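Below you'll find the structure, written out as structure tokens, and then a few comments.
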Amino acid sequence: AELSYANNFKWNTSKGEDRYRRGLYTFFKRTSPHPTLITFDCPDSNTSSLRRSISNTPLQALITLNNRVFQEASQNFAKELLIQFHSDNERLQWAYQKVTTKTLDADSKAQLQQLLQELKAWFKENPNEAQAYSGLKATDGDPVSTAAWTGLSRVLLNLDAFLTRE
């Protein structure tokens, strides 16, 4: 996006090992902050800020659901869940605890289990979408399970308990 005063600066995705560096090391252009930082209430870098403003807007949810960074984070989270745990119940309990720092209650568990089953069924009927959504190469594993867990991870990473800091 071109947000600078003279429209002479465009944010580009980093290449190589720089692509996955911590957000702390993101280049900061004073006159054109990164669009994601703006959406998540990044303070103005031209002045001192003692307190960050907190907002919760639909645009933040759209970014976490559509931004490539969040997609890749969900894919990696799903792959890690599938490697570390042997049952969907264990994965669900651990993932919820990791994302929210809370124990999974019965109602939330039922909703997430239903979502997981729906995702598995949909991706089973749509193997090409499962392959693309999972981020796996053709020989890397089960794209249906990975895609379903990626979808569930995206939901978990979009919860207010994960995004909002108070």
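Worth saying up front: this structure is predicted, and the values here are computed from it rather than measured.
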List the steps and the verdict of side-chain contact (heavy atoms from CB on, under 4.5 Å) for Leu157 and Thr64. CA-CA 8 Å; Leu157 295 177; Thr64 59; over 6 Å; no

Taking Asp88 first and then Lys120, would you say they form a salt bridge - that is, a charged N and a carboxylate O separated by under 4.0 Å? yes

Could you check whether any side-chain N or O of Asn126 sits under 3.5 Å from a backbone N or O of Trp122, counting only pairs where one atom can act as donor and the other as acceptor? yes

Between Ser134 and Ala147, what is the shortest heavy-atom contact and its length? CB-N, 3.8 Å

Counting C-beta onward and ignoring hydrogens, is there a side-chain heavy-atom pair between Thr100 and Leu159 closer than 4.5 Å? yes

Going only through I, L, V, M, F, W and Y residues with side-chain contacts under 4.5 Å, is there a path from Val69 to Leu62? no

Shortest non-hydrogen contact from Ala132 toward Gln75: O-NE2, 4.2 Å

Is the closest side-chain heavy-atom distance between Asn66 and Gln71 below 4.5 Å? no

If we ignore angles and hydrogens, is there a donor and acceptor under 3.5 Å between the side chains of Gln114 and Glu118? yes

Mind checking the CZ-NE2 spacing from Arg91 to His86? Nearest 0.5 Å is all I need. 8.5 Å

Given side chains that start at C-beta, do those of Gln84 and Glu90 come closer than 4.5 Å, heavy atoms only? no

Pairwise side-chain contact, Val144 with Leu119, heavy-atom cut-off 4.5 Å (strictly under): no

Treat each ILVMFWY residue as a node, draw an edge where side-chain heavy atoms are under 4.5 Å apart, and state whether Phe70 and Leu59 are in one component. no

Once rounded to the nearest 0.5 Å, what's the spacing between atom OG of Ser145 and atom CZ of Phe123? 11.0 Å

Calculate, to the nearest 0.5 Å, the distance between atoms CG and NZ belonging to Asp142 and Lys124 respectively. 10.0 Å

Would a 4.5 Å heavy-atom cut-off, applied to side chains only, mark Gln97 and Leu104 as touching? no

Qualifying residues under salt bridge (charged side-chain N to carboxylate O under 4.0 Å, His left out), relative to Lys79, sequence neighbours excluded: none

Return the minimal non-hydrogen interatomic distance between Ala78 and Ser153, and the atom names on each side. N-OG, 3.9 Å

Could I get the full list of ring-ring contact (aromatic ring centres under 6.0 Å, His included) partners for Trp94, not counting sequence neighbours? Phe85

Rounded to the nearest 0.5 Å, the CH2 atom of Trp149 sits from the CG atom of Leu152 at a distance of 5.5 Å

With Asp105, which residues qualify under side chain to side chain contact (heavy atoms under 4.5 Å, CB included), at least two apart? Tyr96, Asp107, Ser108

